[in-house]
A.B. asks: 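Let me begin by handing over the structure; questions about it come next.
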Amino acid sequence: MFDEIRFNTIERLPNYVFAEVNAIKLAARRQGEDIIDFSMGNPDGRTPQHIIDKLAESAQKDKTHGYSASQGIYKLRLAICNWYKRKYNVTLDPETEAVVTLGSKEGFVHLVHAIINPGDVAVVPDPAYPIHTQAFIIAGGNVHKMGLDFNDEFELDENRFFEKLQKTFQDSIPRPKYVVVNFPHNPTTVTVNKSFYERLVAMAYKERFYIISDIAYADLTYDGYKTPSIFEVEGAKDVAVESYTLSKSYNMAGWRVGFVVGAPKLIAALKKIKSWFDYGMFTPIQVAATVALDGPQDCVEEIKDTYKKRRDVLVESFSNAGWKLKAPRSTMFVWAKIPPCAQHLGSMEFSKQLLTKAKVAVSPGIGFGEHGDKYVRIALIENENRIRQAARNIKKYLKQLEETS
Ligand SMILES: Cc1ncc(COP(=O)(O)O)c(C=O)c1O
């Protein structure tokens with residue numbers, strides 16, 4: 001019907017690259033096969049009990065069932081600012097520099113929606129968490145993808161990053177207005193030090209762009225690494241916003257709680273657009289989220305420990321199975337280079353073969369951008385026994401592959 005009526009935004013959005021692997025996974029499960037699933041970044045753990053208790057308690061009150069505040073209740077915005085003070089010694093104003101979002105994905109999409117004029121350009125590293133690119137496409141903007149370079153320890157090659165960024169600003173018409181960064185990075189696990197933000201903020205002032213920083217994995221760090229915040233850099237608050245989520249640190253992915261803080265001009269834009277889109281998340285969820293941020297933090301340590309143990313078991317058992325992997329310093333992923341005997345397959349075919357022949361689901365790197373095609377992403381969402389089982393299956397598969405090639 002009405003073929004002349006076209007949906008430009010929908011047509012500009014790519015099909016979901018992971019759909020193909022997901023379809024094979026679901027079909028195998030329907031056949032009764034046990035698939036060991038490392039494909040999604042969806043935490044498998046339960047939300048800490050004191051947070052669930054607070055939700056239940058608040059939901060029993062008469063006054064918590066109406067529309068809430070779209071920008072977030074004041075108490076939660078205050079807890080966010082206190083979290084920054086404690087963690088990073090950064091002072092933020094809960095009225096003008098913080099907004100609660102329905103998970104950080106919603107916050108990112110609506111922020112971009114609020115600030116992009118048609119044709120505006122943003123620089124986004126490649127590979128990337130897909131919404132970091134697609135939010136600009138949804139909003140009618142354009143993306144300049146910039147390949148991400150890092151060393152064997154998954155540390156960003158800062159010099160290369162800034163050489164490339166400088167060149168982008170020299171060559172691009174129109175000049176980019178936004179640069180997206182996400183460290184610790186999904187999918188590559190790449191991390192940065194404070195010096196990176198010092199250089200980025202200095203460049204933002206010089207080249208006149210805003211920085212959008214996503215620190216979803218800020219707390220999931222190992223081996224002594226500590227995630228810096230861009231706001232530890234003097235002057236960052238005028239040129240940057242940073243987002244965080246309770247999904248990962250507190251196993252609250254389904255609750256949809258995140259926030260964006262920083263540059264008042266961008267925060268005001270996000271608040272305004274959100275006031276047209278939503279009435280805020282359910283108040284008891286906001287009350288419970290306040291308790292998560294303000295309350296005891298040993299639950300975060302426990303969640304982090306679980307991922308660390310799984311990381312160690314996975315790296316060791318997969319390496320023993322013939323797939324040599326390096327342990328990341330952060331996130332809930334292992335960014336795994338495809339083993340030499342399978343590199344010719346590319347990440348999509350390799351992922352399909354892992355599924356059909358080893359009964360192991362991973363995310364093909366190509367789904368995160370063309371610079372990801374030599375890798376697959378393994379999410380640490382299966383327990384240690386299942387990780388060891390996956391390693392046994394992979395060992396057999398790799399042996400077959402070597403014999404036939
Ligand atoms: C880098 C990054 N940012 C944001 C999100 C989304 O988090 P939320 O659950 O808060 O929407 C994810 C989820 O995987 C992520 O990897």
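Whatever order the structure lists them in is the order used to number ligands and atoms, beginning at 1. Numbering starts at 1 and runs along the sequence shown.
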A.B. asks: Would you mind reporting whether I36 and Q389 have side-chain heavy atoms less than 4.5 Å apart?
C.D. replies: yes
A.B. asks: Would you check whether E106 has a nitrogen or oxygen atom less than 3.5 angstrom from a nitrogen or oxygen atom of ligand 1?
C.D. replies: no
A.B. asks: Answer with side chain, backbone, both or neither: which part of K248 has a heavy atom less than 4.0 angstrom from an atom of ligand 1?
C.D. replies: side chain
A.B. asks: Go through ligand 1 atom by atom and flag the ones less than 4.0 Å from a non-hydrogen atom of G103.
C.D. replies: 10 (O), 11 (O)
A.B. asks: What residue and heavy atom of the protein are closest to atom 3 (N) of ligand 1, and at what distance?
C.D. replies: D214 OD2, 2.6 Å
A.B. asks: Any N or O of N182 that comes nearer than 3.5 Å to an N or O of ligand 1?
C.D. replies: no
A.B. asks: Among all protein heavy atoms, pick out the one at the shortest distance from atom 9 (O) of ligand 1; state its residue, atom name and that distance to 0.1 Å.
C.D. replies: S247 OG, 2.6 Å
A.B. asks: Between F162 and F196, is the ring centre distance below 6.0 Å?
C.D. replies: yes
A.B. asks: In this structure, does ligand 1 have an atom that sits under 4.0 Å from one of the heavy atoms of R256?
C.D. replies: yes
A.B. asks: Taking distance alone, with N or O pairs closer than 3.5 Å, would you say H132 contacts ligand 1?
C.D. replies: no
A.B. asks: Under 4.0 Å from a heavy atom of N186: give me the atoms of ligand 1 that qualify, with their elements.
C.D. replies: 1 (C), 15 (C), 16 (O)
A.B. asks: Is the contact between S104 and ligand 1 made by the side chain, the backbone, both, or neither, using heavy atoms and a 4.0 Å cut-off?
C.D. replies: both
A.B. asks: When you check the gap from the basic side-chain N to the acidic O, do K308 and D312 get nearer than 4.0 Å?
C.D. replies: yes
A.B. asks: For A216, counting its heavy atoms only, list the atoms of ligand 1 lying under 4.0 Å from any of them.
C.D. replies: 2 (C), 3 (N)
A.B. asks: Hey, is R175 close enough to E207 for a salt bridge, meaning N to O under 4.0 Å?
C.D. replies: yes
A.B. asks: Would you call the rings of F368 and W335 parallel, tilted or perpendicular, where under 30° means parallel and over 60° means perpendicular?
C.D. replies: perpendicular
A.B. asks: Hey, is E95 close enough to R77 for a salt bridge, meaning N to O under 4.0 Å?
C.D. replies: yes
A.B. asks: Only heavy atoms count here, so choose which of F183, Y217, F108 is nearest to atom 15 (C) of ligand 1.
C.D. replies: Y217
A.B. asks: Under 6.0 Å between ring centres, would you say that holds for W83 and Y244?
C.D. replies: yes
A.B. asks: So which heavy atom in the protein is nearest atom 6 (C) of ligand 1, and how far is it from that ligand atom?
C.D. replies: Y129 OH, 3.3 Å
A.B. asks: Would you mind checking if E402 and K399 are paired as a salt bridge, meaning a charged N to carboxylate O distance below 4.0 Å?
C.D. replies: no
A.B. asks: Less than 4.0 angstrom from a charged side-chain N to a carboxylate O is my criterion; do R6 and E11 meet it?
C.D. replies: yes
A.B. asks: What atoms in ligand 1 come closer than 4.0 Å to a heavy atom of T245?
C.D. replies: 8 (P), 9 (O), 10 (O)
